[in-house]
Amino acid sequence: MSKLMKQWQLSAFGLENLVQVKVPIPELDHNGLLIRVLAVSLNYRDKLVIQGQLLAEKPIMPFVPASDMVGEIVAIGRGVTRFSVGEKVLGNFWTQWIDNEPPQEMTHHGLSLGGPLPGVLAEYVVLDEEIAVSAPKTLTDEQASTLPVAALTSWFSLIELGDLKSNDTVLIQGTGGVALFGLQIAHAFGAKVIITSRDADKLECAKKLGAFATINTSKTSDWSSSALDLTQGHGVDHILELLGGKNMSQSVMALASGGKISQIGFIHGMDITFPAINLMLKRANIQGISVGHRRAFEDMNRAIDALKIKPVIDKVYSFDEAPTAFKHLEKGAFGKIVIRMTETTR
């Protein structure tokens, strides 16, 4: 008889349909890694997937949510050459994007962990060795679990595609996972970072993480003018656009000549608007960001060890508290929400 493990799964869309079940531990294939999951972190994307609001290609039910985890390899397939039993690994979100140009399937959310492919909110998962990435040596399990989507999105925006320089100014919107990783990465590379938020307490915390300046958007709705003032009229060189909608208009206004906007989030709307003339006169670059490839992930993990970057975690929940963790995600967090796998399979 197969050994059983615990797993959270959806029978239909909606958080009310998230239930914990016992299922057989998955079997290895030729190039597979059997991984004992140690910690799982949540992303805003996971909320949208659970609600059925994001994917063109719907996942097969019952469906296991969440894309980001760190785990320990407990067994390997006969064909595995990249890893050994005992190593700690993360899963690459885009399972077939190794380097250079992405596969065509990415244009409709295909081939991504946590939807439409099965996610990782389980005691054990099997990943092909090509999907796995070695975890940084300097992080705890909870910290390492936060990297696959949030950290790599910021790294890809600023370093892989952004060509960030030490004298650049970066403006980042909000204080969620992607935002704080952007702050930490940019600060570690010597850039000046401006953080915007409606929460004064969170802005104070951002300053402690190295923010050069903050803008409270509950008091200053015209935040682009404040950004220009903070840069003596020069404008900011990089913007992590995490809100979308009409907010993009202010991002264009706040940008320096030749600056870059990384379009990442769409909390304020999936359709973005901006002034075309200002975009043209500033020779602005808008780059759509969809996490990143495995090679950049590996580069980033080495840099995290070298630069001693420590991910910001808002709260850690137990495996049995997963629904509560998702409700916390709905309300917003300062940094990342993590689910710790506190029990072993019986």
Side-chain angles (χ1 to χ4, degrees), residues 2-10 18-29 31-43 45-46 49-50 59 62-77 80 82-95 112-115 117-137 139-152 177 294 297 301 311 313 315-326 328-329 336-346:
S2 300
K3 291 184 178 180
L4 299 179
M5 68 173 186
K6 292 180 180 180
Q7 179 186 81
W8 285 96
Q9 60 179 219
L10 293 168
L18 184 66
V19 296
Q20 187 181 130
V21 299
K22 286 191 175 182
V23 298
I25 293 176
E27 296 183 359
L28 274 175
D29 53 24
N31 294 107
L33 310 173
L34 178 61
I35 301 166
R36 180 170 66 90
V37 178
L38 301 171
V40 172
S41 71
L42 304 183
N43 297 293
R45 179 186 189 274
D46 298 324
V49 170
I50 285 177
F63 171 71
V64 180
S67 62
D68 292 10
M69 67 90 206
V70 64
E72 180 184 3
I73 299 172
V74 295
I76 61 175
V80 171
R82 297 184 64 233
F83 297 97
S84 302
V85 170
E87 293 187 70
K88 288 187 178 181
V89 293
L90 311 164
N92 191 42
F93 174 72
W94 291 113
T95 57
S112 54
L113 293 174
L117 298 181
V120 297
L121 197 51
E123 290 185 304
Y124 290 87
V125 296
V126 168
L127 296 180
D128 187 281
E129 67 169 333
E130 294 300 321
I131 299 171
V133 174
S134 295
K137 306 297 185 185
L139 301 185
T140 66
D141 296 337
E142 290 90 344
Q143 290 169 338
S145 74
T146 67
L147 302 178
V149 167
L152 186 53
R294 194 189 78 191
F297 198 173
N301 286 352
I313 295 174
K315 188 167 182 179
V316 178
Y317 291 88
S318 72
F319 184 70
D320 290 341
E321 295 175 310
T324 305
F326 278 106
H328 187 165
L329 180 71
K336 296 291 290 181
I337 297 167
V338 173
I339 297 170
R340 173 73 188 185
M341 315 298 286
T342 55
E343 297 182 3
T344 57
T345 301
R346 291 174 173 80

Does the side chain of [Y] come within less than 4.5 Å of [X]'s, by heavy atoms?
{"X": "L127", "Y": "L113", "value": "yes"}
{"X": "T146", "Y": "I313", "value": "yes"}
{"X": "L139", "Y": "L147", "value": "yes"}
{"X": "V120", "Y": "D68", "value": "no"}
{"X": "V40", "Y": "V37", "value": "yes"}
{"X": "P65", "Y": "L42", "value": "no"}
{"X": "L10", "Y": "I50", "value": "yes"}
{"X": "V338", "Y": "S41", "value": "yes"}

Classify the side-chain pair [X]/[Y] by whether it contains a donor and acceptor separated by less than 3.5 Å.
{"X": "R45", "Y": "S112", "answer": "yes"}
{"X": "E321", "Y": "S318", "answer": "yes"}
{"X": "K336", "Y": "N43", "answer": "yes"}

Atom pair [atom1] ([X]) and [atom2] ([Y]), whose distance is rounded to the nearest 0.5 Å:
{"X": "K6", "Y": "K22", "atom1": "NZ", "atom2": "NZ", "value": "6.0 Å"}
{"X": "S134", "Y": "K88", "atom1": "OG", "atom2": "NZ", "value": "12.5 Å"}
{"X": "F319", "Y": "W8", "atom1": "CZ", "atom2": "CH2", "value": "7.0 Å"}
{"X": "M69", "Y": "L90", "atom1": "CE", "atom2": "CG", "value": "6.5 Å"}
{"X": "Y124", "Y": "K3", "atom1": "OH", "atom2": "NZ", "value": "7.5 Å"}
{"X": "N31", "Y": "D128", "atom1": "CG", "atom2": "CG", "value": "5.5 Å"}

Where do [X] and [Y] come nearest, in terms of heavy atoms and distance?
{"X": "M341", "Y": "A122", "result": "CE-O, 3.2 Å"}
{"X": "V70", "Y": "A135", "result": "CG2-CB, 4.1 Å"}
{"X": "G91", "Y": "P148", "result": "O-CB, 3.6 Å"}
{"X": "A66", "Y": "D46", "result": "CA-OD1, 3.5 Å"}
{"X": "M5", "Y": "P26", "result": "CE-CD, 3.7 Å"}
{"X": "G115", "Y": "F63", "result": "N-CZ, 3.5 Å"}

Residues which pass side-chain contact (heavy atoms from CB on, under 4.5 Å) with [X], listed by chain and number, not counting sequence neighbours:
{"X": "V80", "value": "L33, I76, E129"}
{"X": "V89", "value": "I35, I73, F83, A132"}
{"X": "E72", "value": "R36, L38"}
{"X": "K315", "value": "Y317, H328"}

For this session: Not counting sequence neighbours, which residues clear ring pair (Phe, Tyr, Trp, His ring centres under 6.0 Å) with F326? List them please.
Result: none
Problem set entry | Pairing residues for E130 by the salt bridge (Lys or Arg N to Asp or Glu O under 4.0 Å) criterion, not counting sequence neighbours | R294
Exercise. Does N92 use its side chain to pair, donor to acceptor, with the backbone of T95 at less than 3.5 Å?
Worked result: no
